[in-house]
Asker: 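Sharing a structure below in structure tokens format, with a few things to ask.
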Amino acid sequence: MCPYGSCCKFPWVFPLKQRQTSRTQCFGPTGHNHMHRYETAFAAEAAAALDLPIDNIQGHVRVPEPERGDFSLPCFPFAKALGQPPVKIAQTLTEKLSQSQRFAVAAAGPYVNATIHPEALLATLIPEVRQLGDRFATSDTGQGQTVIIDYSSPNIAKPLGFHHLRSTMIGNALTRILGALGYTVKGLNFLGDWGKTFGLLAAIYQRKGQRDRLEKEGIAYLLELYVEANREREANPSFDDIARALFKRMEDGDTDALELWQLFRDISLKEFQRVYTRLNVSFDHYEGESDYRDGMDALIETISATAGTRIDQGALVVDMPYGENEPPMMLKKSDGATLYATRDIAAAKDRWQRYAFAKSIYVVGGEQKRHFEQLKRALDAMGDAWQERMVHVSFGRVHGMSTRKGNVVFLEEVLDEAVERAREKMTAESSGRDIDIDKVSEEVGIGGIVFGDLKNLRTSDYNFDWEDILNTKGFSGICVQYAHARCSSILHRAGGAPGIDAYDPSLLVAPEEVALVKEIGRLPAAVLAAAEGFEPSRLARAVYEVARAWNRYQQAGNADKTLRILAEDDALRTARLALVDAARIALKQGLLLLGVAAPEAM
RNA sequence: GCGUCCGUAGCUCAGUAGGAUAGAGCAUCGGCCUUCUAAGCCGAGGGUCACAGGUUCGAGCCCUGUCGGACGUGCCA
């Protein structure tokens, strides 16, 4: 149990911008969050010494550069309340905390720096992590609450492009992360399978489509048709009218038109699922806009009766307040066909009825920001206050993807290239080791791509660059996987990990050992931060830091033989192996929550 | 034009709530493998945080303006 203040519910049924409470929270009844617990302890000790409320202190605690310590407290903010200069406060505080059981405290000008006495940390964290195993960094704070995540959601009839990776992997990581925090998570793949595009596709297919090519080439042929349809449309504007009419026939339930649509859909879905399998991504439900094609009239009636609708330039729009120069939310085009906005309202209401969600997350690109704002506003105008629980988790664009054939880089093309490189590397270097090259090169190649995506802040754009995407050095998934493989390999060589309590923590005194333990202890807070901000990169960075700390420790044994993990001395070896096992668990858990495989050898 | 977001090392990006000497990776240069897998480790160089004002004890971060970029701006999704 957390000794400092009461444990609280996971924060988030309030907007992200209000993050005032997150720092003071404990992470679930098991309290397995050591570094955060120490931070709270430091704030509590400082608060007691200064006779100020802990809430005034905790927000100011920083993590400084490692040489300065583990936590740092600038004293400027208290100068006014205490009527003393910051430097004086820092001195007084340092004197009062000199007897601290947990920290070595030192004043540095107006700052107070605290370094954890490592003994207790080493004695408790390592067995705790090992005891928890695959429950490390999880909690049950979300228990009883359902979160639905709409992600990937490609349009059918086009292969997955590299840019689809973002929604797919961010959504997948959030699914895993929120699941680890105890939420009931439902992953939805909401296919763009309805709309004028399919009228366009059907029109071109009726004109020149070849059934045998469609069956043989699948989605690649659909793409070719799509490109041709667009060419035709530019050359001949009346083709657009034909397409529109054809889609209207689909909406009206015309069997022939629908049969063609169904065929396109089946072919696309089969292709998508093959890629999802490679990415180790799965959904609870495949749905699509087409699921909502029937209820449109009733829905529009409801909207008219609540928010209100009006005819604007021949189209039906939602009658609600708009900003200046803002286009209205359109429900029906002037030809009477519905638009995606209408179907999104239907889907949102349906999801609320099915799940009564705590959060409904849409992992969709930033281009659709206004659409989601309008969607929420329209629902609000209809009296659906639960729209506050909907979150648009937007992400940045991928630029510069027209490098190879055509206009997009296909996702599988990138995956294949990465897997091939991993295979070459392993074939060249792993002789003598017992490795399933096929399996591991797939895990390493794809893991590198996935991690490479997730390490970026989700809102920033990024440039597609083959060399950059396939880079396996430095801050990459490979580095983390490699660290995990090395931990596993050393444990294997030692004949397995020691018993959980069969080690003497006082033998772990090297700075590299203490540093590694601290990085492991920071992981749970990173999982929580990732969930809170819907930001997997928080976790990616934290797990990379664990890998670096591990690599430093492991390499230290090369320069200094007394630091070798497999030491001659039994007790020393056992203690070090316990640490390696804890590191292994942390690395594996971090990778898994990001949706990246953790091979045991590479 | 208007709206939203962005501008940090040669390149790609972090920088958490305004706090110490602005950090990583790539690239460059220099070290480290007869002993736990070098996809690694250590070190060096590299910055007017776009520009100009303002608020503050303190600004990469907050405010205003300028320049530059991305996205959006009704019958696509």
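Convention: sequence-line order gives letters A, B, ...; per-chain numbering from 1.
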Asker: Could you work out which one of C2(B), A20(B), C13(B) sits closest to the side chain of Ser460(A)?
Answerer: C13(B)
Asker: Is it true that Arg397(A) and Glu367(A) have a side-chain N and a carboxylate O under 4.0 angstrom from each other?
Answerer: yes
Asker: Could you give the CZ-to-P distance, from Arg493(A) to U37(B), as a whole number of Å?
Answerer: 4 Å
Asker: Which residue, Glu600(A) or Thr459(A), contacts RNA chain B at a nucleotide closer to its 5' end, judged by nearest heavy atom?
Answerer: Thr459(A)
Asker: Indicate, with a heavy-atom threshold strictly under 4.0 Å, whether Asp312(A) touches base, sugar-phosphate, or nothing.
Answerer: base
Asker: I need the CD-P distance between Glu373(A) and U73(B), as an integer number of Å.
Answerer: 13 Å
Asker: Is Arg548(A) near enough to G25(B) that one of its side-chain N or O atoms lies under 4.0 angstrom from OP1 or OP2?
Answerer: yes
Asker: Touch check for Asn113(A), heavy atoms < 4.0 angstrom, all strands: base, sugar-phosphate only, or nothing?
Answerer: base
Asker: What nucleic acid atoms does Pro110(A) come within less than 4.0 Å of, heavy atoms only: base, sugar-phosphate, or nothing?
Answerer: nothing
Asker: Go through the side-chain N and O atoms of Arg458(A) and Ser537(A) and say whether any donor and acceptor fall under 3.5 Å apart.
Answerer: no
Asker: Just call it for Ala556(A): base, sugar-phosphate, or nothing, with non-hydrogen atoms closer than 4.0 Å on any strand.
Answerer: nothing
Asker: Report yes if a side-chain nitrogen or oxygen of Lys425(A) is closer than 4.0 Å to either non-bridging phosphate oxygen (OP1 or OP2) of A39(B); otherwise report no.
Answerer: yes
Asker: Touch check for Ala485(A), heavy atoms < 4.0 angstrom, all strands: base, sugar-phosphate only, or nothing?
Answerer: base
Asker: Specify the closest pair of heavy atoms between Ala307(A) and Ala378(A), including all atoms of both residues, with the distance to one decimal.
Answerer: CB-O, 4.4 Å
Asker: Determine the contact category for Arg343(A): base if any of its heavy atoms lies under 4.0 Å from a base atom, sugar-phosphate if only primed atoms, P, OP1 or OP2 are that close, otherwise nothing.
Answerer: sugar-phosphate
Asker: Do the charged groups of Asp569(A) and Arg573(A) touch, with an N to O distance under 4.0 Å?
Answerer: no
Asker: Return the 5'-most residue of the pair Glu324(A), Met602(A) with respect to RNA chain B, ranking by each residue's nearest nucleotide.
Answerer: Glu324(A)
Asker: OP1, OP2 of G18(B) versus side-chain N and O of Arg62(A): anything below 4.0 Å?
Answerer: no
Asker: Is any side-chain nitrogen or oxygen of Lys473(A) closer than 4.0 Å to OP1 or OP2 of A27(B)?
Answerer: yes
Asker: Report the nucleotide, chosen from C13(B), C71(B), C26(B), that has the shortest atom-to-atom distance to any side-chain atom of Tyr462(A).
Answerer: C13(B)
Asker: Specify the separation, in whole Å, of atom CE of Met330(A) and atom P of G74(B).
Answerer: 10 Å
Asker: What is the minimum heavy-atom distance between Phe239(A) and Ala229(A), and which atoms define it?
Answerer: CE2-O, 3.7 Å
Asker: Using only side-chain N and O atoms of Arg541(A), determine if any of them is under 4.0 Å from OP1 or OP2 of A14(B).
Answerer: no
Asker: What integer distance in Å separates Gln368(A):CD from C76(B):P?
Answerer: 15 Å
Asker: Go ahead and name the base partner of U73(B); Watson-Crick or wobble counts if both distances stay under 3.5 Å, otherwise write none.
Answerer: G1(B)
Asker: Using OP1 and OP2 only, check whether a side-chain N or O of Arg552(A) sits under 4.0 Å from C42(B).
Answerer: yes
Asker: Phosphate oxygens OP1/OP2 of U37(B): is one of them under 4.0 Å from a side-chain N or O of Ser489(A)?
Answerer: yes
Asker: Taking atom types as modelled, is there a side-chain donor on Tyr462(A) or Asp453(A) under 3.5 Å from an acceptor on the other?
Answerer: yes
Asker: Rounded to whole Å, how long is the line connecting atom CZ of Phe534(A) with atom P of U16(B)?
Answerer: 19 Å
Asker: Is there aromatic stacking of Tyr482(A) on G40(B) here, judged by a ring-centre distance under 5.5 Å and a plane angle under 30°?
Answerer: no
Asker: Roughly, in whole Å, what's the span from CG in Asp461(A) to C1' in C13(B)?
Answerer: 13 Å
Asker: Quick one, Glu424(A) with Arg421(A), criterion salt bridge (charged side-chain N to carboxylate O under 4.0 Å, His left out). Give me CA distance, side-chain angles, the key distance, then yes/no.
Answerer: CA-CA 5 Å; Glu424(A) 281 166 23; Arg421(A) 291 201 185 197; over 6 Å; no
Asker: Round to the nearest Å and state the distance from Leu339(A) atom CG to C75(B) atom C1'.
Answerer: 6 Å
Asker: Would you indicate, yes or no, if C76(B) has its OP1 or OP2 atom less than 4.0 angstrom from a side-chain nitrogen or oxygen of Lys333(A)?
Answerer: yes
Asker: Using the rule for Phe, Tyr, His and the six-membered ring of Trp, do Phe475(A) and A24(B) stack at under 5.5 Å and under 30°?
Answerer: no
Asker: Please give, in whole Å, the distance from U12(B) C1' to Asn456(A) CG?
Answerer: 9 Å
